[in-house]
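Every chain is numbered from 1 and lettered A, B, ... according to where its sequence line falls, protein lines coming before strand lines. Given the structure is predicted, the values throughout are model-derived calculations rather than measurements.
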Amino acid sequence: MSVRVRFAPSPTGFLHVGGARTALFNQLFARSQGGVFVLRIEDTDTERSTDTSTQAIFDALRWLGLTWDEGPGVGGEHGPYFQSERGEHYLAALRRLEAAGAAYPAYETPEELEAMREAQTQRGESPRYDGRARDLSGAERAAFEAAGRRPAWRFRLPASGETAWDDIVRGRIAFQNEVLDDFVLVRSDGLPTYNFACVVDDIAMRISHVVRGDDHISNTPRQLLIYSALAAAPPRFAHASMILGPDGKRLSKRHGATSVEAFGEQGIVPEAMVNFLALLGWALDGKTELFTLAELERVFTLERVGANPAVFDTAKLEWINAQHLKRLAEPDRIARVTAFLRARGHDLSGRSEAWIREFVHALGDRLKTLADAETVGGFALAEDVTYEPDAWASLLQRPQADDKLTALAGAIAADSEGSLASIEAAIRALAAERGIKFGDLVAPARVALTGRSASPGIFEVVHLLGREQSMARLRAAAARWAAEAPAAAG
RNA sequence: GGCGCUAUCGUCUAGGGGUCAGGACGGAUGGUUCUCAGCCAUCAAACCGGGGUUCGAAUCCCCGUAGCGCUACCA
């Protein structure tokens, strides 16, 4: 049997990390099995579905590097891939169910249903549809129709028995049919509900495995019952666990960024996001941590997907991000950093290619995220230095800092070559000549030049800034030190 | 309330009737370097609780507890 899986988001918002992981697992499973990955948009909720969301989901999927074999934009034999365009399939399936006696029209209004549930709750019963419309006579139906009521179509649930399946990640799961009720298949406005549309489409699209979050476990028996009523063979199911926030609650906006695109804006690269997501609920051997998408597509198996919920750990994401950043080839790394900085509003147009290359090189392994390029490299991106209060305070503590800074400015002025090597030579020579420790000369210079007490190597800093800019910053800091230091000392 | 899922270091996890319960992130300490980052080394840190089965249970079974999910004419 050929493997066909699908990711079926509803376009009611941005692609959430949980959805992204579900999409990823589907693609990984499909590719590892030489199967087909289908994308289907479940937009049967016309109230909440928007084109903006649909577009955002496509964008997020593409950003992650995920590619579907069938679906919007690429077509396929089993389209259309928007549920809103598949109305006739649902109606046809409903007719079959009706003919088989497995579906019946129910005319209750939302208010009546609400009243029914309330009464049940009062009596201490669990709220569920009581089947009052199960056996309406033709006359009763006609009366409702005459009164202008449109029916919702409900599924006639088997009175007893159990519905079970062998879940790939959890083993056997069984539900007693009696805990279920006659759920709605098609709403009174003619649109199918999720459980119904999902099954009809999964059958039509020849889906062999349903890989999704465990919040769908309790939908599964209903869906299985529909498969059976439609005389269709059900797919295998694999329910991955939820992704939780650091507080153990289901991950939501309250936890900060949860849309995939927000992570991109924070400087996470898609390779890292994919890697991290894969590790949330799946492990190859408990040892290997770093994977590319291509590697994952080779080694992924559903059997190794874990059943326990996983907490989304930003620190680990950033570590993985740093690892991927380190592994990027230099031109790629440069492209990512510059693209990020431009998106953040930095104008790099006046910079030479060589300067940019050196800038990125100087950033080195200091980037956990691309956003760090802005903080670590900020000194070179703006015309003026901004002193961090703590850094400036520490500079004020240093004896004769103005003297050292002025001397350094002089040494840099005298270095006509201005290369990385000559800068190093000049600074080392000055330290030796003054009899001061190299570090004691560099520390104040670092603050004066970058405004911070941590920065890339000092020679790179000077070189990146250029002679004029370096001298200006050194002298300005010296002057300010001279003006403020005595007061600080007193 | 009902139903369901889950339970190994703070976090992601490996393992699974007899192990020093392994790795990674994060944390701490030391080394290297002009700072930071990186790199290297070292350390602390876990089998939810109670019963049972067994020579032996973290592992199998039962019960409990906790967390989460579902309980819509949302998906």
Take the angle between the ring planes of A:F276 and A:F312 and call it parallel below 30°, perpendicular above 60°, tilted in between. perpendicular

Rounding to a whole Å, what distance do you find between A:L449:CG and B:rU35:C1'? 13 Å

Which of these nucleotides, B:rG1, B:rU35, B:rA7, is closest to any side-chain atom of A:S455? B:rU35

Within the 4.0 Å heavy-atom criterion, would you say A:I458 contacts the bases, only the backbone, or no part of the nucleic acid? base

Could you state the CG-C1' distance from A:D372 to B:rG38, rounded to the nearest angstrom? 13 Å

My understanding is that a pair needs two contacts under 3.5 Å, Watson-Crick or G-U wobble. By that rule, which nucleotide pairs with B:rC5? B:rG67

What is the separation between atom OH on A:Y129 and atom C1' on B:rG2, rounded to the nearest whole Å? 20 Å

Treating primed atoms plus P, OP1 and OP2 as sugar-phosphate and everything else as base, which nucleotides of nucleotides 22-28 of chain B get B, S or - for protein heavy atoms under 4.0 Å? BBBS---

Quick one: A:R333 CZ to B:rA37 P, roughly how many Å, whole number? 16 Å

Given RNA chain B, 5'-ward residue of the pair A:K326 and A:A174, judged by closest heavy atom: A:A174

Roughly how many Å is it from CD in A:E460 to C1' in B:rA37, rounded to a whole number? 13 Å

Could you check how far CG of A:L251 sits from P of B:rU11, rounded to whole Å? 16 Å

Residue list, salt bridge (charged side-chain N to carboxylate O under 4.0 Å, His left out) with A:R446, at least two apart or on another chain: none

Please verify the inter-ring angle class for A:F29 with A:H209; under 30° counts as parallel, over 60° as perpendicular, anything in between as tilted. perpendicular

May I ask you to say whether A:R304 pairs ionically with A:D285, meaning some side-chain N is under 4.0 Å from a carboxylate O? no

Protein-nucleotide distance (A:R452, atom CZ; B:rA37, atom C1'), rounded to Å: 11 Å

Could you tell me the separation between the CD atom of A:E162 and the P atom of B:rG4, rounded to a whole number of Å? 10 Å

Evaluate the ring planes of A:Y194 and A:H216, with Trp represented by its six-membered ring, and classify them as parallel (under 30°), tilted (30 to 60°) or perpendicular (over 60°). tilted

Can you give one letter per nucleotide of nucleotides 67-75 of chain B, going 5' to 3': B for a protein heavy atom under 4.0 Å from the base, S for sugar-phosphate only, - for none? SSSSSSBBB

